[in-house]
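Quick notes on the structure that follows.
The basis for the numbers below is simple: all heavy atoms, side chains too, and nothing from hydrogens, waters or symmetry mates. Treat the numbers as computed from the prediction; the structure is a model and nothing was measured.
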Amino acid sequence: MEDSSVEEITEELAEKLNDEHVRRLARLKSLSDEGLKPYPNDFTPNITSAEVTGRYEKLTAEALAALTESFSLAGRIMAKRDFGKASFIHIQDRDGRLQGYVKKDVVGEEAFAQFKKFDIGDIVGLEGTLFRTRTGELTVEVKTIRLLTKGLHSLPEKWHGLKDVEARYRQRYLDLMVNPGVKDVFIKRTKIIRYLREYLTNRSYLEVETPMLQSVYGGAAAKPFTTHHNTLGMDLFLRIAPELYLKRLIVAGFERVFEINRNFRNEGISTQHNPEFTMIEFYEAYATYEDLMDLTEDMVCGLVEELHGTLKITYQGEELDFSRPWQRISVRDAIIKYAEADEAVFTDKAKAAALAESLEIPLHKDVSHGKILIEIFEKVGEPEFKRPTFVTGYPLEVSPLARKNESDPSIVDRFEVFIMGKEIANAFSELNDSVDQRERFNGQLAEREAGDDEAHPMDMEYVQALEYGMPPTAGEGIGVDRLVMLLTDSPSIRDVILFPLLRKV
RNA sequence: GAGCCGCUAGCUCAGCUGGUAGAGCAUCUGCCUUUUAAGCAGGUGGUCCGGGGUUCGAGCCCCCGGCGGCUCACCA
């Protein structure tokens, strides 16, 4: 029972594995044969490396020598420098690294002989007191050290780390283990999400969860993933957005709800797109899209300041200034300005189509006027908005869930936020007129039949919910991954998703 | 989906005009009780992404395929 988990190294096995793997298995076997439990779970550290550094880094060598307190730490051996009868190791735990000094005449002959069989990559538990080395490094003088888990592979190189991009994604644990900074990105990601959650919670928003498996998908223009429920014998979609369910909850009377969760869109993969990505969507009754502009500025600026201590940050070598007020421009003005378009394109669909053609924008047959305009905007306008910009005045036809503008019925009360040329947020005053909503869905059906397979599907149950009365409401979605990219200076969405989707090997 | 680039030891990378595989780190042996990319001396380690082809001979040239990155297209 003692070593049942330690494999015998047969010739057949050794042939399959590389030399290092075989050597480490042999060491584990040998330690186990000497009576060491190979995978113990009875070691409890009482401090972490960062806590040690935080508390004792400033103490002089003399002050440390006077200290009698003993500490126990656990972590992975990241470096080992042997000196015959002594050795320096660095162990890494969740919040940092700390050096340990293992001396034969301190730990004893037998323990030292065992320690010699420990390798870089092994997880150990150690106990000892603190001292400062001649070169000034705060170090644990190790009194006892135990193997907690054997590592059977050598770690990536100590100096260059793990560079191979594919390996970094497929074996993210190695990336996180050996590449400095990667952990920080994901810690920041968590802080960002926590900030957003607290910000809305403090404004009396209720965090909810709505279905990811849906029999009718909606809330965005995108192609869905399909799946199947065996017992119900029913095909289902993975949601492309939570929108229609969150608004049902506004009908229900929650008045302020939000959800932070994954959406799934069956479309291209790029540095800006992962098939599953995280959105925060929030809905507030008795608010308008203009209220949400203020909220967005306030929330994002607060976040940037909390994370960076300033509103001026650097993204990929360019300065990015979040200072308020953010620039505002309408789709119409952006097209006039950046496409140098004639006003007639807004009233004359043929002229809009001609402009699109001159910009080499491919359009399918029977495309709506509004869709043409938005395509033109995306081509010429989007890349221009480096600093945070609210774009308003979206065409009705591309906004089937948004409230019509009162003075211009060809547009809706909607904005998107662009930063560094990328869409970060999308918000609007919600359409709460059920009759209008039904007509808009019918319009989308026509678009679908005309060949737009991302047109919004009809959702009669949603219309029925609106019929019971949804208070005037404004709602917004923010692409969390993209926000994290900006705030962690990451060029690819895969840098901010722990396990991005890859083809299977 | 298209174009370009990449894939060589566990990791980071060299490899000329086609001539039979190399370095550093890791690892092994020896020396070494305050080092930190420890040091010194000497070793081991390869499905050169896979499959075909050309050639006396292919890591290198040609064809097919795989995986990844970037750009473009679609999308957030």
Q. Once you round it to whole Å, what is the distance between P of C11(B) and CE of Met78(A)?
A. 15 Å
Q. P atom, U17(B) versus G10(B): distance in rounded Å?
A. 28 Å
Q: Considering only NZ, NE, NH1 and NH2 on the basic side and carboxylate oxygens on the acidic side, decide whether Glu318(A) and Lys386(A) come within less than 4.0 Å.
A: yes
Q) With a 4.5 Å heavy-atom cut-off, do Glu416(A) and Thr392(A) have their side chains touching? A) no
(Q) Nearest to the side chain of Arg81(A), heavy atoms from C-beta on, is which of U35(B), A26(B), G24(B)? (A) U35(B)
Q | Gap between atoms CD and P, on Glu382(A) and C74(B) respectively (whole Å) | A | 11 Å
**Q.** Letter per nucleotide, 5' to 3', of nucleotides 28-33 of chain B [B base touched, S only sugar-phosphate touched, - untouched; heavy atoms, 4.0 Å]
**A.** S---BB
Q | Distance between C1' atoms of G69(B) and A58(B) (Å, rounded) | A | 27 Å
Q: Please work out which of the three classes, parallel, tilted or perpendicular, describes the rings of Phe115(A) and Phe118(A), given edges at 30° and 60°.
A: perpendicular
Q. Using atom C1' of each nucleotide, how far apart are C49(B) and C67(B) to the nearest Å?
A. 8 Å
Q: Would you mind pulling out the nucleotide paired to G42(B), Watson-Crick or G-U wobble, both distances under 3.5 Å?
A: C28(B)
**Q.** Under 3.5 Å on both distances, the Watson-Crick or G-U partner of A21(B)
**A.** none
Q.
Any non-hydrogen side-chain atom of Glu382(A) less than 4.5 Å from a side-chain atom of Phe418(A)?
A. yes
Q) If we take the P atom in both U27(B) and C11(B), what is their distance in whole Å? A) 15 Å
Q: Test salt bridge (charged side-chain N to carboxylate O under 4.0 Å, His left out) on Asp119(A) and Arg27(A) and set out the steps.
A: CA-CA 9 Å; Asp119(A) 292 300; Arg27(A) 280 192 164 179; 2.5 Å; yes
(Q) For a quick check under 3.5 Å, do Gln214(A) and Arg239(A) share a side-chain donor-acceptor pair by atom type? (A) no
Q: Nearest whole angstrom, please: distance from the P of A37(B) to the CH2 of Trp159(A).
A: 6 Å
Q) Arg24(A) CZ to U27(B) P: how many Å, rounded? A) 7 Å
**Q.** Pair Arg414(A), Ser399(A): side-chain N/O donor-acceptor within cut-off below 3.5 Å
**A.** yes
Q) For Glu360(A) and A73(B), what is the distance between atoms CD and P respectively, to the nearest whole Å? A) 10 Å
Q) Cut-off 3.5 Å, side chains only: do Tyr283(A) and Glu259(A) have a donor facing an acceptor? A) no
Q.
I'd like the C1' distance from C25(B) over to G45(B), given in whole Å.
A. 14 Å
Q.
Quiz question: by atom type and distance under 3.5 Å, do the side chains of Arg189(A) and Thr278(A) form a donor-acceptor pair?
A. yes
**Q.** Separation of the C1' atoms in U20(B) and C4(B), to the nearest angstrom
**A.** 32 Å
(Q) Nearest heavy atom decides the nucleotide; on that basis, is His153(A) or Glu416(A) closer to the 5' end of RNA chain B? (A) His153(A)
Q: Ignoring hydrogens and angles, state whether a donor on the side chain of Thr473(A) or Lys247(A) is under 3.5 Å from an acceptor on the partner side chain.
A: no
Q) Is the shortest side-chain N to carboxylate O distance from Lys188(A) to Asp184(A) below 4.0 Å? A) no
Q. Below 3.5 Å, does any donor atom in the side chain of Glu137(A) face an acceptor in the base of U34(B), or the other way round?
A. no
Below 3.5 Å between N/O atoms, which protein atoms pair up with nucleotides 68-72 of chain B? Just atom names and distances, please.
unit_1, atom_1, unit_2, atom_2, d
G68(B), OP1, Arg503(A), N, 2.6
G68(B), OP2, Arg503(A), NH1, 3.2
G68(B), O4', Glu166(A), OE1, 3.0
G69(B), OP1, Arg494(A), NE, 3.3
G69(B), OP1, Arg494(A), NH1, 3.4
C70(B), OP2, Arg494(A), NH1, 3.0

Q) When the distance from CE of Met279(A) to C1' of A76(B) is rounded to whole Å, what number comes out? A) 7 Å
Q. So do Arg448(A) and Pro457(A) actually touch side chain to side chain, heavy atoms under 4.5 Å?
A. yes
Q | Short side-chain donor-acceptor distance under 3.5 Å, Thr48(A) and Asp95(A) | A | yes
Q) How far, in whole Å, is G24(B) from C40(B) if one measures between their P atoms? A) 11 Å
Q) Which residue, Glu267(A) or Ala79(A), contacts RNA chain B at a nucleotide closer to its 5' end, judged by nearest heavy atom? A) Ala79(A)
Q. What's the CD1-C1' distance between Ile240(A) and C74(B), to the nearest Å?
A. 14 Å
Q. Using the P atom in both, what is the distance from C48(B) to C5(B), to the nearest Å?
A. 24 Å
What does the list of N/O pairs under 3.5 Å between the protein and nucleotides 45-50 of chain B look like, with a distance for each?
none

Q) Taking N and O atoms by type only, does the side chain of Ser154(A) place a donor or acceptor under 3.5 Å from a partner on the base of U27(B)? A) no
